[in-house]
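Below, chain A is the first sequence line, B the second, and so on; all start at residue 1.
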Amino acid sequence: MAPGKKSKTLLALTSAALGLPGIAGKAQADWLDDVGPLQTDYRYSAYREKKLSGSATGGTDGERYEVDSHQFHVARPFGELYDVDAALTYETMSGASPWFITPGPDGKPVQVLSAATIDDSRLDLLAKVNRKLEQHRIGISAGYSDEDDYQAVNVGVDGDWQQNEQRTFSAGLGYSDDELNPTDGASTRFPTRIAKATKASWAAFGGVTQVLDARTTVQASGSYGRNEGFLSDPYKLAFVNGNTVNDSRPDDREVFTAVAKLRRYFPDYRAAAHLDYRYYYDDWEIEAHTLEGAWYQRFGEHWRISPALRYYSQSQAFFYQPFYGAARSDGFHSSDYRLSPYGAISLRVGGDYEQDQWRISLSYETYDSGGDRAIKTVRIENPGIVDFDIVSLSLAYKF
Amino acid sequence: MPLHRRALKAMGCPCELRIYAEDGPQAEAVLRAGEAEVRRLEAKYSRYRDDSLTARIARSAGDARGIEVDAETAGLLDYAAIAWEQSDGLFDITSGVLRRAWDFKSGCLPSQSAIDAVLPLIGWHKLIWRRPRLVLPTAGMELDFGGYVKEYTADAVTRVLRDNGVQRGLVDLGGDLHVVGPHPDGSAWQVGIPHPRQPGVLARIELSSGAIATSGDYERYMIMEGQRYCHILNPKTGWPMRGAQSVSVVADQCLVAGTASTIAMLKGGEGPAWLEALGLPYFCIDAAGGLCGTLAAMDAGI
């Protein structure tokens with residue numbers, strides 16, 4: 001053989017050849033050793049609720065809630081059959097949140113915010129393992145969530161079955177067990193606040209994805225779930241006939257959702273359009289609709305911009321009222337804005353830049369809610385409904 | 001130690017597996033395993049079968065979701081990406097669509113408009129390849145593994161034979177060869193380089209290890225008005241390259257040898273200079289029929 005120094009080209013081709021299982025050997029393809037690409041990403045989100053105006057608080061503007069969230073995520077395949085996904089989320093929350101509503105001087109509801117500024121942190125861990133078998137995939141997941149006053153454990157199993165090139169079915173089951181130990185529970189300050197409570201939830205979902213043609217995909221799915229246990233908010237009160245009582249909700253809730261999605265790709269424009277509709281109904285009689293449209297546009301080799309618009313409307317829970325003239329016979333009272341009727345519009349703009357193994361994403365969302373935005377007429381808008389902004393920055397790197 | 005052989009027709013050419021092994025039945029089992037590996041790769045990457053991966057990839061063209069590929073295909077795509085880069089875009093596995101314009105059996109040259117019609121579908125840089133997901137953005141695009149899968153198969157079969165304990169033998173897939181090991185007496189295999197213009201062998205090379213692959217302008221071609229048009233097509237213009245009649249390269253892997261010989265042919269007149277810079281032993285028969293290259297000196301004569 002003629003001697004000669006190995007050129008860069010030869011080295012590049014040789015090392016790429018050695019990456020092939022047929023050349024490098026069976027041992028390399030062993031499921032533990034096979035080095036698949038390791039994907040990592042970090043995401044920071046800043047969630048800022050807009051101040052509650054003085055007209056809603058019957059006084060000065062009320063500062064509301066802030067959350068700073070850091071999420072670390074890793075994903076890696078092992079061999080040809082398995083892949084593992086893990087995420088760690090760390091959040092710090094601070095600010096005031098709605099406490100109870102009182103009727104104001106003119107009968108208009110006035111929001112009273114919690115006096116103490118909450119300063120809390122949350123740690124969340126979620127791990128998932130997927131296994132591929134021919135046309136199927138099965139995954140199991142487990143997670144743990146920890147906050148000063150709240151711990152939860154969840155497990156889930158889900159799978160996909162690709163019936164043919166055009167159709168894939170998916171289904172899953174999840175279970176979550178939560179324990180609340182509210183701050184200042186059964187204390188001298190809040191003697192009627194519960195000290196400890198538990199909640200269990202489970203949910204099942206099923207769906208089908210159909211490729212209509214080379215550029216269009218549709219998906220339909222539905223879910224059913226049940227929550228049982230302590231479902232009230234231990235920190236909130238309701239104003240009933242001149243007195244404040246603890247927020248009290250049924251200890252059972254059945255939830256149904258149905259979702260339809262459309263994805264259409266426009267190769268001539270290098271863009272894709274997404275349209276999603278979600279219907280929600282529960283046995284607290286909250287019925288909600290969400291409609292979201294998004295456009296993903298590529299520019300050049302590295303950029304993608306995605307504006308999105310979302311519309312949301314919900315009706316109220318049967319036992320909800322901003323405040324009560326008389327106690328309810330079933331004993332349920334809640335003035336939480338999340339159970340009130342309202343609508344919301346949210347505008348989001350995102351940008352992604354991708355180069356080699358990197359991806360950087362930045363997004364901004366602004367959410368504006370109001371009684372007047374709901375589909376049906378809302379007589380009294382809950383003064384505590386929230387408007388917020390979220391700014392998110394994420395960095396992803398693939399090894 | 002007796003020599004056991006198995007001849008088969010696969011990937012459009014005559015193939016032969018030769019191994020030295022003591023035990024008769026065991027040798028047969030090993031040869032069967034080797035043949036099974038050839039059939040496996042032939043079926044997986046075949047252009048002619050509806051159920052091959054190549055066909056599935058072609059069907060996914062235009063679908064933004066793309067297709068998820070297995071580790072072996074991912075490795076071949078990563079390899080194709082490197083070969084494309086290192087050849088300045090001449091080695092391009094998206095260029096298979098040119099066969100819609102070129103029909104070498106017809107004896108007719110394609111019209112420029114027929115070629116212009118498929119050129120937009122060609123270009124490795126137009127694909128989105130992010131392991132394990134491959135997206136062919138435009139309907140009609142295809143991937144053709146034919147340019148290198150035969151050489152990869154020679155390496156893969158060698159691995160299968162070695163994993164089964166074979167230490168001496170030769171894998172010959174239509175002229176793309178990988179030496180499993182020299183003859184039991186230590187002597188090298190005599191490998192014939194086909195004559196590009198006449199039947200038979202032009203030269204013989206001795207190989208006791210490694211692999212050799214040959215690319216020539218005589219495999220599929222037509223002659224129009226005294227001009228030869230061969231199947232080695234420039235993906236950027238859609239027209240055949242003109243340069244050497246044949247290039248053979250020796251490397252540790254048949255895959256690398258094959259890519260090198262193909263790229264050298266694609267580079268036309270610059271081929272020999274590129275091969276010199278590459279650093280691998282090579283044998284080249286230039287347009288005039290003259291022999292050149294580092295191996296020309298090794299020619300043991302016919």
Review point. Would one find more than 12 heavy atoms of other residues, nucleotides or ligands at under 6.0 Å from atom CG of B/Leu119?
Key: yes

Practice item. Examine whether an atom of B/Thr138 lies under 4.5 Å from a heavy atom of chain A, and if so say whether it belongs to the side chain, the backbone or both; otherwise answer neither. Key: neither

Exercise for review: Please indicate whether B/Arg162 has more than 12 foreign heavy atoms, meaning atoms of other residues, nucleotides or ligands, lying under 6.0 Å from its CZ.
Suggested key: yes

Revision key, fill the gap. Heavy atoms of B/Tyr79 and A/Ala16 approach each other most closely as CD1-CB, 3.6 Å

Point to revise | Between CG on residue B/Leu280 and CG on residue A/Leu10, distance to nearest 0.5 Å | key: 4.5 Å

**Study point:** Side chain, backbone, both or neither of A/Ala12 within contact of chain B (heavy atoms, under 4.5 Å)
**Key:** both

**Study point:** residues 55-68 of chain B: residues contacting chain A (heavy atom under 4.5 Å, by number)
**Key:** B/Arg56, B/Arg59, B/Ala61, B/Gly62, B/Asp63, B/Ala64, B/Arg65, B/Glu68

Review point. By a 4.5 Å heavy-atom criterion (distance strictly below it), what part of B/Tyr152 contacts chain A: side chain, backbone, both, or neither?
Key: side chain

Study note, to complete from the structure: Interface check, chain A: of B/Thr259, B/Leu76, B/Thr153, most non-hydrogen pairs under 4.5 Å belong to B/Leu76

Exercise for review: Might you point out which heavy atoms bring B/Ala71 and A/Pro21 nearest each other, and give the distance in Å?
Suggested key: O-CD, 4.5 Å

Check your understanding: Mind checking what makes side-chain contact (heavy atoms from CB on, under 4.5 Å) contact with B/Arg130, not counting sequence neighbours?
Key -> A/Glu354, A/Lys398, B/Ile128

Study note, to complete from the structure: Honestly, the part of A/Thr217 sitting under 4.5 Å from a heavy atom of chain B is side chain

**Study point:** CG/B/Asp51: more than 12 non-hydrogen atoms of other groups inside 6.0 Å
**Key:** yes

Check your understanding: In terms of heavy-atom pairs under 4.5 Å, which option from B/Ile82, B/Ile263, B/Val157 contacts chain A the most?
Key -> B/Ile82

Revision key, fill the gap. In this structure, CG of A/Leu20 is separated from CG of B/Asp155 (nearest 0.5 Å) by 9.0 Å

**Study point:** A/Gln163, CD atom: more than 12 neighbouring heavy atoms under 6.0 Å
**Key:** yes

**Study point:** More than 12 heavy atoms from other groups under 6.0 Å of CZ on A/Arg137
**Key:** yes

Check your understanding: Is the count of non-hydrogen atoms from other residues, nucleotides or ligands lying under 6.0 Å from A/Tyr397 atom OH greater than 12?
Key -> yes

Point to revise | Residue pair A/Leu18 / B/Gln253, side-chain heavy-atom distance below 4.5 Å | key: yes

